[in-house]
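First the structure, in the form of structure tokens, and then the observations on it.
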Amino acid sequence: MNLKNKIKKLPKDILSIIEKSGALADEMSVSVYVVGGFVRDVLLGRPNLDVDIVVEGDGILFAENLKNILGGNLVKHIRFRTAVLSLENNLKVDIASSRSENYVSFGALPVVDKGTIRDDLFRRDFSINAMAAFINRHNFGYFLDYFKGRQDLKNKNIRVLHDLSFLEDATRMLRALRFEQRYGFRMEKHTRQLFAEAARRKMLDKISKHRVRDELILGLKEESPVKLLGRIDKLYGFSFICRGIKLTSSKKKFLKTIENTASSFCRDYPKKRALDAWLIIFIALLEGLDFKKIRKICHDFAFSKGDSRRILSFHEINKRIIKFLSRKRLKSSLVYQKFEPLSFEVIALIAAKVRSKIARKRINEYLLLHNGIALAINGSHLKELGFVPGPHFKKMLTKVLHAKIDKVVKDQEGEINFIKKHGFASQEPKLRGKFR
Ligand code: CTP
């Protein structure tokens with residue numbers, strides 16, 4: 001079989017990368033292949049902006065030469081003999097020297113050695129990710145499928161290549177579930193048994209947490225993260241994140257609401273930025289754990305500062321804020337002050353959690369009308385009114401802003417009148433001559 005026709009139908013910029021790589025391979029007299037997820041998606045007819053290339057030879061030298069042809073930004077990983085070339089339009093070329101891998105102990109990173117393309121394909125996770133196509137100009141598109149990946153694609157199967165696969169690299173357990181969800185596939189019977197054995201041995205609990213974190217985030221970024229969590233719950237549980245995480249039916253409902261909120265956020269509030277949907281799903285998953293445990297998770301998994309802040313702030317404040325929002329009487333400016341320091345992710349979570357209509361209305365009002373609201377006046381107007389600039393300006397303008405949010409003032413004239421009426425007394429300004 002030959003993938004030439006399918007490859008030729010790829011978008012022009014991707015085809016050009018492949019053809020130029022093939023021409024370079026000829027020039028350097030090395031055999032070069034597109035491999036892995038890229039070939040899988042070519043066969044499935046799905047877009048994939050990451051071109052995975054394997055060079056039977058010096059991958060680093062190939063990558064340097066390719067950079068001279070295509071431009072872009074090249075990052076080399078000499079130890080693994082791999083490189084990543086980032087190009088315009090989110091295109092990326094992953095270049096590797098064909099290699100074999102040996103695992104000295106389960107869960108540790110493998111020892112890497114030179115190998116043939118077959119060795120390189122055999123070290124991979126699943127048959128559907130272990131296909132390749134030759135891209136040198138003679139025989140362009142020649143298809144290599146040593147492990148029956150194409151058949152598994154047709155049968156919608158996720159199948160490991162050997163029995164130790166999950167034990168050697170437990171992140172593959174999460175990958176298997178991710179691909180199941182993404183493509184609507186299922187692990188075939190023997191792979192399921194191997195998965196169950198690795199789950200029984202709690203292999204995911206034993207590997208380094210940042211690898212688990214990265215894989216989990218990729219899973220939560222997929223289209224149906226809640227389905228994925230359901231599957232993880234069924235086949236493994238969440239001990240690899242923290243004991244005590246339970247997917248109760250009320251939590252499932254909450255997660256579903258959150259998933260919908262995240263996807264409709266930009267539609268409902270068109271001026272807001274898109275949410276980090278994976279993060280809010282993750283935050284919701286941790287609901288019910290005590291604060292200390294959540295802090296430990298942030299630390300152990302080395303979440304970035306920003307992510308940790310968002311994770312912790314929701315768990316710290318949500319109960320208090322929900323109670324506050326459900327008060328009978330509440331000035332809009334007070335809601336504004338509570339919400340201003342919060343991230344959209346945290347606000348979306350609160351929105352999904354509140355039950356009372358009045359609280360929901362207040363959140364809507366904040367997001368639609370008040371977040372990002374600005375005054376018609378600024379410091380120059382205050383100077384014109386005779387105030388001497390200083391830190392009190394900010395306080396004065398904030399007061400006017402709150403008045404505007406509470407509809408006490410409407411327009412520029414109203415804002416100026418408000419300053420004239422209230423500004424002097426509350427801020428003890430130093431006045432210049434004409435307003436004395
Ligand atoms: N791979 C593997 N074991 C892993 C991770 C990756 O064998 N734990 C191999 C697979 O062959 C995979 C390739 O490396 O196809 C590239 O990895 P990655 O880019 O993470 O995955 P993709 O399959 O391209 O998946 P995605 O579409 O999510 O990018």
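In each ligand, atom 1 is the first atom listed, and ligand 1 is the first ligand listed.
Ring centroids of F282 and F303 are separated by less than 6.0 Å, placing the two rings close together. Under the 6.0 Å cut-off for aromatic ring centres, H370 and F339 do not qualify, their centroids lying 6.0 Å or more apart. Ring pair F122/F147: centre-to-centre distance below 6.0 Å.
The single protein non-hydrogen atom nearest to atom 3 (N) of ligand 1 is R172 NE, 3.3 Å, given as residue, atom name and distance.
Those atoms of ligand 1 that come under 4.0 Å of a heavy atom in G37, given as number and element, are 15 (O), 23 (O), 24 (O). Annotation for ligand 1: atoms under 4.0 Å from non-hydrogen atoms of R182 are 26 (P), 27 (O), 28 (O). Set against the non-hydrogen atoms of R178, the atoms of ligand 1 under 4.0 Å away are 28 (O). Each of the following atoms of ligand 1 lies closer than 4.0 Å to a heavy atom of F179: 23 (O), 25 (O). Those atoms of ligand 1 with a heavy atom of G36 less than 4.0 angstrom away are 15 (O).
Put simply, atom 19 (O) of ligand 1 has no protein non-hydrogen atoms near it, under 4.0 Å away. Distance check on atom 15 (O) of ligand 1: some protein heavy atom falls below the 4.0 Å cut-off.
For ligand 1, the polar-atom distance check against Y183 finds no nitrogen or oxygen pair separated by under 3.5 Å. An N or O contact shorter than 3.5 Å links N129 to ligand 1 by distance.
Not close to ligand 1: E215, with no non-hydrogen atom less than 4.0 angstrom away. In this structure, F38 falls outside the shell of residues with a heavy atom less than 4.0 angstrom from ligand 1.
Taking the charged nitrogens against the carboxylate oxygens, R309 and D307 have no contact shorter than 4.0 Å, which rules out a salt bridge. Between K353 and E287 a salt bridge is recorded (basic side-chain N to carboxylate O distance below 4.0 Å). We find that K156 and D152 are not joined by a salt bridge, their nearest charged nitrogen and carboxylate oxygen being 4.0 Å or further apart. No salt bridge links D300 with K209; every basic N to acidic carboxylate O contact stays at or beyond 4.0 Å.
Under 4.0 Å from ligand 1, not a single heavy atom of D94 appears. The proximity of D169 to ligand 1, defined as any non-hydrogen pair under 4.0 Å, is limited to the side chain. At a heavy-atom cutoff of 4.0 Å, ligand 1 is contacted by the side chain of T171 but not by its backbone.
Open room surrounds OH on Y142; 12 or fewer heavy atoms of other groups in view lie less than 6.0 Å from it. Other residues, nucleotides and ligands place no more than 12 heavy atoms under 6.0 Å from the NZ atom of K4.
For the atom pair CD (E64) and CD1 (I69), the distance works out to 12.5 Å, reported to the nearest 0.5 Å.
When R124, R46, K92, R40 are checked for heavy-atom proximity to atom 13 (C) of ligand 1, R124 turns out nearest.
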